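Remember, it's a predicted structure, so these values are computed and weren't measured experimentally.
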Amino acid sequence: MNTINCEICGKEIPSGEAIYCEAGDFFVCKECYDDEFVECERCGDIVPLDEAYLSVGGNGYLCDCCHDDLFG
């Protein structure tokens with residue numbers, strides 16, 4: 001079985017379970033993906049949590065581009 005190491009936590013995971021993150025051009029495990037990435041509620045892009053903006057209602061997140069489009 002082919003394995004890949006998660007780029008965030010280093011955990012060895014089966015390659016079929018690894019999630020590709022376009023935002024960083026690497027693979028991560030599901031746990032790190034769920035903890036470290038969010039979906040922009042406006043455009044649907046996946047962005048790192050620490051680069052996302054909390055939406056006005058506080059229930060979702062916006063990527064940098066959508067935040068700039070809405071709030072300049």
Which other residues belong to the hydrophobic cluster containing F27, where Ile, Leu, Val, Met, Phe, Trp and Tyr are joined when side-chain heavy atoms lie under 4.5 Å apart, directly or via other members? I4, Y20

Across all chains, not counting sequence neighbours, the side-chain hydrogen bond (donor to acceptor under 3.5 Å, both in side chains) partners of D34 are K30

Which residues pass the salt bridge (charged side-chain N to carboxylate O under 4.0 Å, His left out) test with D64, sequence neighbours left out? none

Candidate pair C29 and C9, rule side chain to side chain contact (heavy atoms under 4.5 Å, CB included), full reasoning: CA-CA 8 Å; C29 66; C9 72; 3.9 Å; yes

Cluster membership besides F26, Ile/Leu/Val/Met/Phe/Trp/Tyr side chains within less than 4.5 angstrom, sorted by chain and number, is I8, I19, V28, Y33, F37, I46

Of the non-hydrogen atoms in S55 and N59, which two are nearest, and what is the gap between them? OG-N, 3.6 Å

Could you state whether L54 and V56 fall into the same hydrophobic cluster, counting links through intermediate Ile, Leu, Val, Met, Phe, Trp or Tyr residues with side-chain heavy atoms under 4.5 angstrom apart? no

What pairs meet the salt bridge (Lys or Arg N to Asp or Glu O under 4.0 Å) rule with one or both residues in residues 16-25, with sequence neighbours excluded? none

E12 meets the side-chain hydrogen bond (donor to acceptor under 3.5 Å, both in side chains) criterion, sequence neighbours left out, with T3

Going from CD on E41 to OH on Y61, what distance comes out if it is rounded to the nearest 0.5 angstrom? 10.5 Å

Can you run down the ring pair (Phe, Tyr, Trp, His ring centres under 6.0 Å) pairs that involve residues 41-60, sequence neighbours left out, and say none if there aren't any? Y53-H67

E31: salt bridge (charged side-chain N to carboxylate O under 4.0 Å, His left out) partners, not counting sequence neighbours: K11

Residues in salt bridge (charged side-chain N to carboxylate O under 4.0 Å, His left out) with D69, at least two apart? R42

Is there any salt bridge (Lys or Arg N to Asp or Glu O under 4.0 Å) pair reaching into residues 43-55, and which pairs are they, with sequence neighbours excluded? none

Roughly how far apart are N5 CG and I13 CD1, rounded to 0.5 Å? 8.0 Å

